[in-house]
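Encoded as structure tokens, the structure appears first; notes follow it.
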Protein chains: 2
Amino acid sequence: MGDRAAKDALYDGLATVAKALGNGRRAEIVDLLAQAERPVDEIAAEIGQSVANTSQHLQQLLRAGLVTARREGTRSHYSLAGDRVQQLWAAVRDVATEQLAEIDRLAAAYLGDRTGLRTITREELHESVRHGEVVLLDVRPEPEFRAGHIAGALSVPIDELRRRLSEVPAGNHVVAYCRGRYCVYADDAVRMLTAAGYEAARLEDGFPEWAATAGAIDDGTPRDAPSGTRSVLVGSPDRGSRP
Amino acid sequence: MGDRAAKDALYDGLATVAKALGNGRRAEIVDLLAQAERPVDEIAAEIGQSVANTSQHLQQLLRAGLVTARREGTRSHYSLAGDRVQQLWAAVRDVATEQLAEIDRLAAAYLGDRTGLRTITREELHESVRHGEVVLLDVRPEPEFRAGHIAGALSVPIDELRRRLSEVPAGNHVVAYCRGRYCVYADDAVRMLTAAGYEAARLEDGFPEWAATAGAIDDGTPRDAPSGTRSVLVGSPDRGSRP
DNA sequence: CACGTCTTCAATTGATTGCTTGACGAGCAT
DNA sequence: ATGCTCGTCAAGCAATCAATTGAAGACGTG
């Protein structure tokens, strides 16, 4: 005990968790699964990789304990293995954005010019929601909304926003949110809404961060079956999910 | 904007931080630097690697923004690049211990049999310290004590404990602490103290965790030059560091 | 049962990683 | 300057990794 080989083995073991996150594609997968569980083929499409390759990445995440699998007939649904994993991924992002100037550049290249896009923080949104003075739009794909969303939000996936613009009550401030800080959906929504004459802003980060700080969320589980993975259940279920 | 290549590049960028931690030797380095800054040769000795190899690992950590370097004459001292990095490493450890059964096995192999070793939590220690009912021993190497320690602790490096046993006041409960949960020093200290007739226990985790939760610490900076990196400064400086 | 779908496995290839060795360079001492 | 120490750099090699392709397992459907 206390020998070199055993110590190395222990730290190798601890490092496997970090190693699993140490690949861009797997990072994308974790970021995606932070929204909701997903079958393999959808993950593959979302990260732009072959199903075979995606499956192997998922196996690796599985071995590292970052995700769990649930079979349903012929499909395997993967999801994050607990809130700790979420926090870990957040810590990685925080350090990266804080320490690497590179990230700013890469984010700008991916997201485009964000000047002129108003953003609000979680705290500001919390205030606004409480005073009922904003319309809150969830512009993520509908399944992610169904898996959990900010209480009181309307689901208007970004794909449908243009033709459903009329559903957004006029005369109100509008706040759009999506997957997170590096997600383009809310940006696009704000641009579209602003062009249509709305006062629009995006939530600075996304749903996972809101849920992590125990903001009011709605996890879509029926009121009489409180077994959801989400902790706080506030707001009317499915309001606006299908108009 | 919004294209695949740019998105991949962004996530590759975020993943570099995780990749830097995704190696057992680099993980050891980060764990070590969580105690205090260190010159390269000491780090190399501590992780059992050649200086050249260690230097390359440090370059990699540097590029990933996890550590910073400070030259002093011919030596480079490395230290962690901020509290966020500390939190990141803690998150990695937490996920690993929670999700990987393997870790328990590896820890047992390295640390040996821990049954019979009493441990106390930070909260319990906090209580005990406040009532002044324990003797608190910092059994890490002296430079680490000097870089920061729990307020009121005596520095008795594990190497010196045996011949300095008489300095430990009898009749008191003794608590030893060291680098963290996977550090053997406090274990050894408790065994030695117990054999000598003391009521001894180890702090469950180590100094970094204590400092992170803003427990009372003493960073060794003179009272009239409050420019230390530690936030809370309590207790008499250097008490017991040299008897 | 045979068929199609979704997923995983296995073999392969090119790129990257971790460590070694040996040389180079920067700063102090004599 | 001439050493000397400490740290970094560069080349090389075995091992590992990410992606591709093609085949093999599962499971539901006709």
Side-chain angles (χ1 to χ4, degrees), chain A residues 4-5 7-9 11-30 32-33 37-64 66-79 143, chain B residues 4-5 7-9 11-30 32-33 37-64 66-79 143:
Chain A
R4 187 78 259 156
K7 184 171 188 182
D8 284 2
Y11 279 83
D12 283 345
L14 296 172
T16 50
V17 166
K19 192 187 293 198
L21 271 178
N23 170 276
R25 253 31 65 218
R26 287 195 293 273
E28 279 190 70
I29 292 175
V30 169
L32 182 65
L33 294 183
E37 68 161 29
R38 292 251 179 186
V40 177
D41 59 339
E42 288 184 20
I43 299 174
E46 195 86 37
I47 69 172
Q49 296 287 320
S50 71
V51 171
N53 191 22
T54 303
S55 177
Q56 314 220 77
H57 279 310
L58 286 167
Q59 298 303 316
Q60 223 163 316
L61 289 169
L62 206 54
R63 278 194 297 273
L66 297 187
V67 305
T68 56
R70 176 178 71 81
R71 286 201 74 100
E72 191 174 283
T74 164
R75 326 191 77 183
S76 311
H77 297 253
Y78 285 85
S79 51
Chain B
R4 186 79 259 155
K7 185 170 187 181
D8 284 1
Y11 279 84
D12 283 344
L14 295 171
T16 50
V17 166
K19 192 188 292 200
L21 271 177
N23 171 276
R25 251 32 65 219
R26 287 195 294 273
E28 278 188 71
I29 292 175
V30 169
L32 182 65
L33 295 183
E37 70 161 28
R38 292 251 178 187
V40 178
D41 59 337
E42 287 185 20
I43 299 174
E46 194 86 39
I47 70 172
Q49 296 287 318
S50 70
V51 171
N53 190 22
T54 304
S55 176
Q56 314 220 75
H57 278 310
L58 287 167
Q59 299 303 316
Q60 222 163 317
L61 289 170
L62 206 54
R63 278 194 298 274
L66 297 188
V67 305
T68 57
R70 177 179 71 82
R71 286 201 73 101
E72 191 175 284
T74 164
R75 327 192 76 184
S76 316
H77 297 252
Y78 285 85
S79 53

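By convention in this document, chain letters (A, B, ...) are assigned in the order of the sequence lines, proteins followed by strands, and residues within each chain are numbered from 1.
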* Taking CG from A:D12 and P from C:dT17, how many angstroms apart are they, rounded to a whole number? -> 17 Å

* Asked: Side chains of B:S79 and B:L33: closer than 4.5 Å at any heavy-atom pair?
  -> no

* **Distance below 4.0 Å between A:T74 side-chain N/O and C:dC6 OP1 or OP2** => no

* Asked: Taking the side chain of A:P39 as heavy atoms from C-beta outward, which of C:dC19, D:dA18, C:dT7 is closest to it?
  -> C:dT7

* Asked: Do B:L32 and B:E42 come close enough that some side-chain heavy atom pair is under 4.5 Å?
  -> no

* Would one find a side-chain N or O of B:N23 under 4.0 angstrom from OP1 or OP2 of C:dT17? -> no

* Asked: In Å and rounded to the nearest 0.5 Å, what is the CD1 to CZ distance from A:I47 to B:R4?
  -> 7.5 Å

* **pair B:R25-A:D8: side-chain heavy atoms closer than 4.5 Å** => yes

* To do: For B:S76, answer base if it contacts any base atom (sugar-phosphate contacts may also be present), sugar-phosphate if it contacts only those atoms, and nothing otherwise; contact means non-hydrogen atoms under 4.0 Å.
  => sugar-phosphate

* With a non-hydrogen cut-off below 4.0 angstrom, is A:Q59 in contact with a base, only sugar-phosphate, or nothing? -> sugar-phosphate

* Touch class at under 4.0 angstrom, heavy-atom based, for B:V51 against every strand present -> base

* Classify the nucleic acid contact of A:Q60 as base, sugar-phosphate or nothing, counting any heavy atom under 4.0 Å across all strands shown. => sugar-phosphate

* Asked: Which nucleotide in the list C:dT7, D:dA19, C:dC19 gets nearest to the side chain of A:R75?
  -> C:dT7

* **Between D:dA18 (P) and B:Y11 (OH): distance, integer Å** => 18 Å

* How long is the line joining NE2 of A:H77 and C1' of C:dT8, in whole Å? -> 16 Å

* Considering just the side-chain nitrogens and oxygens of A:K19, establish if one lies under 4.0 Å of OP1 or OP2 belonging to C:dT17. => no

* Structure fact -> From the candidates D:dG7, C:dT20, C:dT17, the one with an atom nearest any side-chain atom of B:Q49 is C:dT20

* To do: Please determine, for the side chain of A:N53, which listed nucleotide (D:dG7, D:dA19, D:dA11) has the closest atom?
  => D:dA19

* Between C:dC19, D:dG7, C:dG22, which one does the side chain of B:A52 approach most closely? -> C:dG22

* Asked: Taking CG from A:D41 and C1' from C:dG4, how many angstroms apart are they, rounded to a whole number?
  -> 15 Å

* **Whole-Å gap separating C1' (D:dA18) and CD1 (A:I29)** => 12 Å

* Whole-Å gap separating C1' (D:dT8) and OH (B:Y78) -> 8 Å

* Asked: For D:dA19, does OP1 or OP2 lie under 4.0 Å from any side-chain N or O of A:H57?
  -> yes

* To do: In whole angstrom, give the distance that lies between atom CZ of A:R63 and atom C1' of D:dA18.
  => 13 Å

* d(CD, A:Q56; P, D:dA24) in whole Å -> 17 Å

* If you look at every strand shown and take non-hydrogen atoms under 4.0 Å, does A:E72 touch a base, only sugar-phosphate, or nothing? -> nothing

* Asked: Can you tell me how far NE2 of A:H77 sits from CD1 of A:I43, rounded to the nearest 0.5 angstrom?
  -> 10.0 Å

* State whether B:E28 and B:R38 are salt-bridged, where the test is any N-O pair (Lys NZ or Arg NE/NH1/NH2 against Asp/Glu carboxylate O) under 4.0 Å. => no

* To do: Tell me whether the OP1 or OP2 atom of C:dC6 has a side-chain N or O from A:R71 closer than 4.0 Å.
  => no

